[in-house]
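Heads up: the structure comes next, in C-alpha cells.
Chain letters run A, B, ... following the sequence lines, proteins first and then strands; every chain starts at 1.
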Amino acid sequence: MNVIDMLNEKQREAALQIEGPVLILAGAGSGKTRVLTNRAAYMIQKKGINPWNIMAITFTNKAAGEMRARIDDIVGNGSESIWVSTFHSTCVRILRRYIDRLGFDTNFTIYDTDDQKTVMKEICKRLQIDTKQLSDRKLLNMISHAKDELISPTEFELNAMGDYGKKRVAEVYKEYQSVLRRSNALDFDDLIVKTVELFKQCPDVLESYQNRFLYIMVDEYQDTNTVQFELIRLLAAKNRNLCVVGDDDQSIYKFRGANIRNILDFEKIYADAKVVKLEQNYRSTQSVLDAANAVISNNRGRKDKALWTDKGLGERLHFKQFESAYDEAEFIVDDIAGKCRKGLVEYKDCAILYRTNAQARLLEEKFIIAGIPYDVVGGTNFYARREIKDLLAYLKTIDNGRDDVAVRRIVNVPKRGIGATTLNRVQEYATEHEISFYEALRQAEQISTIGRSAVKLQPFVNLIQMFRSKVPHVKLQELLNDIIEKTDYIASLEASDEEDAKSRIENIDELISKVVAYEESTEEPTLSSFLEEVALVADIDRISESDNKVLLMTLHSAKGLEFSHVYLVGMEDGLFPSYMTITAEDPMEVEEERRLCYVGITRAKEYLTLTCAKQRMIRGETQYNAVSRFVREIPTALLDAKIPVSKTRPDDIPDVTTYQEARRTFRAKPFYGETATKSAMTEDKQNGFSRGATGSRTYGSAEEAMSFAAMIRKGSEIAEKHNDGEGGLGYEVGDTVNHIKFGKGIVKGIVNGSRDYEVTVDFTNAGVKKMFANFAKLKKV
DNA sequence: CGTACTAGTCTTTTT
DNA sequence: GACTAGTACG
C-alpha cells in the first residue's frame with residue numbers, strides 16, 4: 001500500500017512537503033507520529049532519498065524506538081541508517097567523536113542531578129556560600145537556566161554587574177564549570193551546550209554534519225529550549241529542510257527551560273515555512289475532546305485550533321469527590337478491579353495520572369492489597385538508587401579516573417576505614433598539584449600529611465588498577481561480578497542490619513541483567529557506551545505494552561501516550577493547579593498547568609474519570625482543598641456528577657482533627673516537667689500514636705483509649721492557656737485576619753510550637769493553611 | 001573513625 | 001512523612 005494513501009488530506013499535505021521549512025501544528029491524537037514516519041518512508045521509497053541523510057529528533061528514547069520500528073515496518077530494511085534519537089543522545093554521539101576539539105577527553109562522563117549536587121556542595125563550602133540563602137538546588141537551577149539560554153559564565157558575570165548576589169552566582173557558575181572540566185565530565189545541559197559550542201568553533205565539523213543531515217525532523221517541538229533551537233538552527237542552516245512537529249497547547253516543560261516562542265514564532269523565523277494544522281483526532285471520543293477544548297480555551301495567546309473526531313460522543317466523563325485521598329485511592333483500585341473482573345478492559349488499558357510523584361504511594365498500597373499488577377513510572381530512577389550508583393561509580397572510576405565524584409563516592413564504600421580527614425588531605429594535595437583525586441590517591445605515600453592512613457588507600461588503588469587491566473579482556477558482566485565479589489559489596493550489605501538490604505540486593509541483580517541485556521543487544525559493547533546509555537534513559541523508556549499492568553505516572557510522563565481508561569486524580573486547587581502556581585503573580589504559570597491538564601484529558605480514548613479528595617496529607621500536613629478550577633472549566637453537561645458549589649467549606653469538616661490538635665500541642669509544649677519535648681515524644685510512641693495523623697486509628701485497648709482522651713483534654717487546656725495568656729500576636733482564635741498573599745481568613749487555631757506560634761487560618765480564597773506566626777505576619781482586621 | 005540520633009527542610013513537573 | 005546534614009558519643 002502506498003504510504004501516502006494511509007493519510008488524511010492534511011496529513012498528506014504535511015508529509016508531501018519535503019523541501020524547505022515546515023511547521024506541523026498537530027493537536028493531541030492527530031496522528032503526528034504517523035505523519036512523521038510516513039513522511040520518512042515516502043522520502044526513502046518515492047523520492048529516493050538515502051536514509052543516511054535523514055535525522056529525526058524525539059523527546060524520549062521510547063518515542064525514538066517506536067518511530068524507528070514503524071519506519072522499519074513500512075520501508076523494510078534501510079531504515080536503520082536513519083538517525084533517530086533524542087537531543088541528548090544525538091549530542092553525546094557527536095561529542096564522543098569531536099569533543100577533544102574543545103579540550104575534553106572523548107571518554108567524558110555524564111553527571112546526573114545527584115553528581116551535580118555533590119559538586120555544588122563542595123563548591124559552596126569552598127567559596128563559603130551561605131547555603132541558607134542560596135541552596136545548592138537553587139544555584140544549580142540558575143546555572144541550568146543560564147545554560148538553557150546559552151549564557152556562558154563570562155556572560156553571566158557581565159550581566160551581574162553591580163549586583164552582588166548575582167556576582168556570587170557567577171563565581172559559582174565559573175567554578176562549577178571548571179570542576180566539571182577537570183573531572184572530564186558534562187552535565188545534561190552541557191551535552192547540548194557543548195555541541196553548539198563545537199559547531200560554532202569548528203565550522204568544518206558543523207559542515208560535515210550539515211552535509212550528512214539533509215532532512216531534519218523534530219518531534220515535540222513545543223518543548224525545545226533555546227539551546228536546542230540553536231542546535232537545530234545550525235544543523236539546518238545550509239539546506240533548510242527542517243520539519244518541526246508540535247502542539248503549543250502541550251507545552252509543559254517551561255521549568256526545564258522550554259521556550260514556547262520557538263513554536264509560536266517559527267513562521268517569523270522561517271518566513272517561507274509551510275504551516276499545516278492537524279485537527280482531526282483519531283484517539284478520543286467527542287466528549288473527551290469537548291472537555292479538553294473547553295479547558296484549554298481558557299488560555300490566552302495560543303494558536304487557534306479545535307480538535308474534532310468522527311468517533312461518536314461516547315460516554316460522559318466521570319467525576320467524584322471523596323472525603324480523603326485514602327477513599328479516592330480505594331475507589332480507583334476497586335473500579336479498575338471491577339472492570340477487569342468483568343472483562344471490560346485489561347490492566348494495561350488503564351492509567352492513573354497525577355500531578356506529583358508523591359501521590360503514587362497511597363495508590364500503590366491499595367494496588368498491593370487488591371493484588372492488581374501495576375507499574376509506577378518515574379519517581380526515583382532505578383539508576384539513582386544508592387547501591388546502583390555505587391556500582392556504577394566503580395565502573396566510572398575504571399572508565400575515567402578523572403571523574404572525581406565517582407572516585408570519592410566509592411573510595412570508602414564498602415568501608416575501608418578511610419575517614420573524612422584523610423580524604424580532605426588527599427583533596428588538598430590533589431588541588432595543590434593540579435591532579436585528579438584518583439591520581440592523588442595513587443601518590444598517597446608522598447602526601448606527608450596523612451601519615452599512617454596511606455596504607456589503607458593502597459589496596460583501593462590496587463583494586464582499581466587490577467580492574468582496569470582486565471577491561472580489554474573480559475565481558476562487562478564479568479567485570480561487574482568481579483567488582484561485587486572483590487569489594488564484598490553484597491556481602492557487606494547482607495552483614496549490615498539495614499532493613500532494605502534485601503531489596504537492594506535484588507536491585508543489584510537487576511543491574512546485572514541490564515548489563516547482560518546491553519551486551520546481547522549491542523554490536524560493540526563497551527564500558528563507556530554502557531555508562532552513557534544508563535545516563536540517558538528515562539524511566540518511561542522501560543515501559544512496554546506487553547506487560548499487562550496498570551500504569552501510574554505523572555501527567556508529564558504521560559505525554560505522548562494513550563489509554564482507553566484514564567484516571568486523573570487529585571484534581572484539587574492547591575495540588576493541581578499546584579499551590580505554587582496559584583500564588584504566583586504571573587498568570588502564565590496557571591496556563592502552563594492548564595496545558596498539563598489538557599495533556600491529561602487527551603490521553604483518554606474512551607473513559608475519563610476525574611477524582612479529588614476533600615482532605616489529603618501533603619508533606620506530613622493535612623490539607624483541605626477545593627475542587628480544581630480545571631474541573632469547573634469542563635461544561636457540566638459532559639460530567640456525570642455535579643461539582644460541589646461550596647467555595648467555602650461546610651462547618652462539619654473540622655479544620656484540624658481533634659486528634660491532630662492534641663498531638664500537635666502534646667508534642668509542642670512540655671507538661672511533664674523540664675524534659676520537655678523528648679519525654680512527651682517518648683510517651684507518644686509508647687501509646688502507639690506515632691503513626692498516622694488521620695483520625696482513623698482504632699484503639700487497641702480501653703487503657704489506650706483513656707490515655708488518648710486524656711491527651712486531648714490536656715492538649716486543649718494547654719492550647720487555651722497559651723491563647724489568652726500571650727497577647728503578642730494581636731489576634732486570637734475566631735478573629736478575621738489578613739495575609740499578604742492569601743487575603744482574608746478566620747483564625748481557627750493557635751498552637752505554641754517549639755520556636756514559634758503555629759496558626760491555622762481558613763482563608764476565604766485559599767482554603768485552610770497552617771503557618772508560623774513570625775513568618776506569616778498576619779494582621780487582625 | 002564510625003554510628004546513632006536529632007533537627008531542619010522539602011518537591012511540582014525531568015532529559 | 002521522608003530524607004539529609006549536622007552533631008554527640010563510643
Contact list (N/O, under 3.5 angstrom) for nucleotides 11-15 of chain B vs protein:
from   : atom 1 : to     : atom 2 : distance (Å)
B:dT12 : OP2    : A:R619 : NH1    : 3.4
B:dT12 : O2     : A:R355 : NH1    : 2.1
B:dT12 : O2     : A:R355 : NH2    : 2.1
B:dT13 : OP1    : A:N357 : N      : 3.1
B:dT13 : OP1    : A:N357 : ND2    : 3.2
B:dT13 : O4'    : A:R355 : NH2    : 3.4
B:dT13 : O2     : A:R355 : NH2    : 2.4
B:dT13 : O2     : A:H556 : NE2    : 3.4
B:dT14 : OP1    : A:T554 : OG1    : 3.0
B:dT14 : OP1    : A:S557 : OG     : 3.2
B:dT14 : OP2    : A:N357 : ND2    : 3.3
B:dT15 : O4'    : A:R256 : NH1    : 3.3
B:dT15 : O2     : A:H88  : NE2    : 2.9

When the C1' atoms of C:dT4 and B:dT13 are compared, how many Å lie between them, rounded to an integer? 22 Å

Name the nucleic acid region contacted by A:D223, choosing base, sugar-phosphate or nothing; use a 4.0 angstrom heavy-atom cut-off, strictly under. nothing

Please classify the nucleic acid contact of A:T421 as base, sugar-phosphate, or nothing, using heavy-atom distances under 4.0 Å. sugar-phosphate

Do A:R595's NZ or CZ and the ring of A:Y598 fall within the cation-pi criteria of under 6.0 Å and 45°? no

List for me each residue that meets side-chain contact (heavy atoms from CB on, under 4.5 Å) alongside A:S89, sequence neighbours excluded, and say none if there are none. A:N61, A:S85, A:T86, A:L536

For nucleotides 5-10 of chain C, give me every protein contact, N/O to N/O, under 3.5 Å, one pair per line with atom names.
from  : atom 1 : to     : atom 2 : distance (Å)
C:dA5 : OP1    : A:K121 : NZ     : 2.4

Salt bridge (Lys or Arg N to Asp or Glu O under 4.0 Å) involving A:E532 - partner list, sequence neighbours excluded: A:R96

I'd like to check the side-chain contact (heavy atoms from CB on, under 4.5 Å) partners of A:Y326; sequence neighbours left out, ordered by chain and number. A:S324, A:L362, A:K366

For residues 413-428 of chain A, the salt bridge (charged side-chain N to carboxylate O under 4.0 Å, His left out) pairs (sequence neighbours left out) are none

Sequence neighbours excluded, the answer for salt bridge (Lys or Arg N to Asp or Glu O under 4.0 Å) partners of A:D539 is A:R542

Can you tell me which residue pairs pass the side-chain hydrogen bond (donor to acceptor under 3.5 Å, both in side chains) test with a partner in residues 221-232 of chain A, sequence neighbours excluded? A:D148-A:N225, A:E149-A:T226, A:K200-A:E230, A:E220-A:Q222, A:D223-A:K559, A:T224-A:N262, A:E230-A:R233

Sorted by chain and residue number, the side-chain contact (heavy atoms from CB on, under 4.5 Å) partners of A:A444 (sequence neighbours excluded) come out as A:I450, A:A454, A:L457

Please classify the nucleic acid contact of A:K254 as base, sugar-phosphate, or nothing, using heavy-atom distances under 4.0 Å. nothing

For atom CG of A:L362 and atom C1' of C:dA2, their distance in whole Å: 14 Å

